[in-house]
Engineer: 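Got a structure for you, written out below as structure tokens; questions coming shortly.
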Amino acid sequence: MGVLARASAPELEALWRAHGAGAALAPLRPAETGLVMVRGRAGGTGQRFNLGEMTVTRCAVEGPGGVIGHGYVKGRDKRHAELAAAFDALLQDEARRPALLAAVIDPLAAAQAQRRATVAAKAATTKVEFFTLVRGE
Amino acid sequence: MYVAVKGGEAAIENAHDWLAEARRGERSVPELEVAQIKEQLKIACDRVMGEGSCYDPALAALAIKQARGDLVEAAFLLRAYRTTLPRFGYTEPVVTADMLAQRRVSATYKDLPGGQVLGPTFDYTHRLLDFKLLAEGEVPRPEPTPAASADGRLPPVTDILAREGLIQDEPPGDDSAPVGDLTREPLLFPADRDLRLQNLARGDEGFLLGLGYASQRGFGATHPFVGEIRMGDVTVAFVPEELGFPVDLGEIELTECQMVNQFQGSDTAPPQFTRGYGLVFGHAERRAMAMALVDRALRTNELGQDVTAPSQDQEFVLMHSDNVQATGFVEHLKLPHYVDFQGELSMLRSLRTAWQETKA
Amino acid sequence: MTTLAPTFQHPALGPQAVFRTLLDALARPGRPLSITGDVPGPPAPAAPALYAAALALIDFETPVWLDATLQPLAPTLRFHTGAPLVEDPANAAFALIGNPLAMPSLAAFAQGTAEHPDRSTTLLLQVTSFAPGPWRLTGPGIKAATSFGATGLASDFPTQWRTNHARFPQGVDLFLTAGHHLAGLPRTTWIEG
């Protein structure tokens with residue numbers, strides 16, 4: 001579900017057309033936008049506190065065999081939540097799961113890992129290389 | 001006392017029309033798109049998300065556009081909007097140690113695991129106006145040089161001090177205990193640290209900065225070092241009741257500041273460094289640092305020290321940090337006070353008459 | 001098919017109408033009111049009024065206690081309201097009771113505190129039917145007195161209720177539901193008979 005939440009709605013839309021269209025899904029909870037209170041910890045590790053809220057959109061659909069697909073995504077994009085719920089429902093179908101993992105989830109996860117690596121690489125280029133001392137490692 | 005006054009509808013409507021026209025500005029200049037504000041005035045959006053206490057960069061950008069760049073007004077718009085939404089629940093506490101850091105610097109150790117990572121910072125710029133931007137020249141986009149084994153995860157600096165017991169512990173506390181929430185219950189004093197941190201995280205940046213600065217200059221003597229500042233993406237996970245397990249919602253950008261403060265020890269605590277903590281939405285370093293300074297100042301009581309300065313006074317800080325509340329009370333003075341004022345006038349006249357009679 | 005029952009068709013207007021009826025019921029204790037309009041089909045064995053009232057009142061911040069009879073509602077309530085389910089009735093903001101004959105005593109639920117009498121449990125009981133007697137109800141919201149009764153309640157209910165009334169300002173409030181109807185019994189109401 002995390003991979004689906006991190007994907008963009010257009011990405012999921014294209015994948016749905018290729019791999020999901022025609023699936024028998026019934027709406028259970030229409031997409032709705034609400035808030036989730038983000039919590040942190042004092043000092044990063046200590047007592048919990050409420051940092052502030054964020055917008056979240058959720059949706060639930062019923063898939064074949066009565067399974068419930070849930071979509072919980074950051075932001076206010078209802079279509080994103082619907083598609084995340086739809087894929088979640090199909091992924092619970094053992095027969096379809098391996099193919100969907102290979103065609104949808106794995107490529108999305110790889111693209112997300114690539115985006116993270118790009119940020120990490122960019123950050124690494126701004127790492128200070130001290131030349132007065134040898135880095136003690 | 002306020003009096004209900006009727007009338008003025010036409011004037012108000014015309015004033016609002018003019019406001020809309022003024023917001024748009026000179027028509028020969030292209031209108032700003034919300035996406036442009038979100039991408040190119042990001043720091044402003046981050047401040048509005050922080051003070052509006054609602055993480056949604058696109059909404060913050062919209063609020064800034066609607067408020068004509070008045071960031072306090074924009075925070076107000078975001079606060080008003082959030083009241084229209086249902087709340088689904090609370091996230092798991094974010095793990096800032098796992099942040100995909102764009103920036104991480106420390107003033108306490110030069111060589112530290114992971115190194116000093118500057119990220120996109122104004123530090124080291126010369127603060128010279130860049131007239132190339134005036135000429136609307138596109139900035140060249142550098143290709144990132146791939147660096148070996150960079151996963152973006154950097155160990156927190158305070159862990160180094162904690163290993164030797166040189167810094168105050170931050171025990172996780174009782175996770176089954178309720179967490180105070182200012183959006184649900186009124187603030188009462190003395191306020192526990194959870195409520196103080198929530199209050200500071202949404203407090204006015206200018207107010208926090210002034211208090212933090214005052215505490216450095218001697219009004220509340222702190223002698224801080226930046227243990228660490230980090231900024232980057234953190235995963236947020238949420239446990240829907242119907243699922244019973246955490247679901248990743250995606251990432252949000254946060255700035256965290258760990259201030260390390262000198263401390264001599266007291267009757268109740270051994271000599272060790274103490275901590276001040278700042279955590280805010282978006283890229284907002286000044287805000288995170290000011291929050292950490294004020295958080296430490298507000299811990300005066302629990303560390304067995306005397307409250308001598310405003311920054312250490314819970315009621316002074318927490319009751320006046322919120323710029324939406326503050327602007328409401330200051331700006332309410334514009335509301336019709338006709339009856340109050342007539343009362344004051346008549347009182348003043350009778351006092352003057354009495355005064356003149358005594359002089360006569 | 002899933003075991004989940006539907007919620008209101010309209011997310012705002014549906015619960016608002018039921019909430020209004022619940023307010024009226026507490027304002028006029030012992031007067032049965034009907035729930036009409038946008039009434040979601042309840043999961044068995046809940047009746048429409050109990051289910052609609054539960055959906056209108058409960059959210060993720062209100063812990064809920066279910067009696068053994070209404071345990072089948074658990075997945076549906078979790079899904080629609082996000083409410084945590086609790087084992088101990090004393091920790092519940094709302095208690096849903098399908099079989100009042102086997103329910104814990106009223107004293108077993110949260111009673112509120114002297115500072116926060118509102119922090120007591122609100123009970124939703126499913127009874128068989130209402131009747132204009134044998135009890136005589138008096139108190140705020142009732143002009144002189146009203147006759148009221150319900151079948152499907154334990155015989156010592158009036159005695160328990162008088163104890164509850166005596167705890168005022170603490171004590172529980174109660175909604176009795178039967179089919180599409182419900183009646184309120186706030187802690188301020190006195191029952192004789």
Engineer: Would you check if B:Asp56 and A:Met54 make a side-chain contact, meaning some heavy-atom pair closer than 4.5 Å?
Structural biologist: no
Engineer: Heavy-atom pairs under 4.5 Å with chain A are the metric here; pick the option from B:Asp175, B:Thr158, B:Val94, B:Thr96 that has the most.
Structural biologist: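 Looking at each option in turn, the highest pair count goes to B:Asp175.
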Engineer: Please give me the minimum heavy-atom distance between A:Val38 and B:Val236, naming the atom from each residue.
Structural biologist: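 Taking A:Val38 first and B:Val236 second, the nearest heavy atoms are CG1-CG1, 4.1 Å.
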Engineer: Heavy-atom distance under 4.5 Å between the side chains of A:Met37 and B:Arg87, does that happen here?
Structural biologist: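 A:Met37 vs B:Arg87: side chains touch.
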Engineer: Measure distances from B:Leu182 to the heavy atoms of chain A and classify the residue's part below 4.5 Å as side chain, backbone, both or neither.
Structural biologist: neither
Engineer: Side chains of B:Leu85 and A:Arg76: does their closest heavy-atom pair fall under 4.5 Å?
Structural biologist: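 Answer no - side chains too far apart.
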Engineer: Out of B:Arg196, B:Gln168, B:Arg82, return the one with the most heavy atom pairs under 4.5 angstrom to chain A.
Structural biologist: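 The residue among B:Arg196, B:Gln168, B:Arg82 with the greatest pair count is B:Arg82.
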Engineer: Would you say the side-chain atoms of A:Lys74 pair up with the backbone N or O of B:Ile252, donor to acceptor, closer than 3.5 Å?
Structural biologist: no
Engineer: Should A:Leu35 and B:Pro86 count as side-chain neighbours, where that means a heavy-atom distance under 4.5 Å?
Structural biologist: no
Engineer: Quick check on the structure: residues of residues 39-53 of chain A within a heavy-atom distance below 4.5 Å of chain B, by number.
Structural biologist: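 Within residues 39-53 of chain A, the residues that come under 4.5 Å of chain B (heavy atoms only) are A:Arg39, A:Gly40, A:Arg41, A:Ala42, A:Gly43, A:Gly44, A:Thr45, A:Gly46, A:Gln47, A:Arg48, A:Phe49, A:Asn50, A:Leu51, A:Gly52, A:Glu53.
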Engineer: If you compare all heavy atoms of A:Thr126 against all heavy atoms of B:Gly119, which two are closest, and at what distance to 0.1 Å?
Structural biologist: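 Taking A:Thr126 first and B:Gly119 second, the nearest heavy atoms are OG1-N, 2.8 Å.
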Engineer: What residue, out of A:Arg58, A:Met1, A:Glu32, has the most heavy-atom pairs lying under 4.5 Å from chain B?
Structural biologist: A:Arg58
Engineer: Please tell me if the side chains of B:Phe238 and A:Val56 come closer than 4.5 Å, counting only heavy atoms from C-beta onward.
Structural biologist: no
Engineer: Chain A heavy atoms under 4.5 Å from B:Val179: which part of the residue, side chain, backbone, both or neither?
Structural biologist: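 It is both, since atoms from each part get that close.
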Engineer: Do B:Leu249 and A:Val73 have side-chain heavy atoms sitting under 4.5 Å apart?
Structural biologist: no
Engineer: Of the backbone (N, CA, C, O) and the side chain (C-beta and beyond), which part of B:Leu195 lies under 4.5 Å from a heavy atom of chain A, both, or neither?
Structural biologist: neither
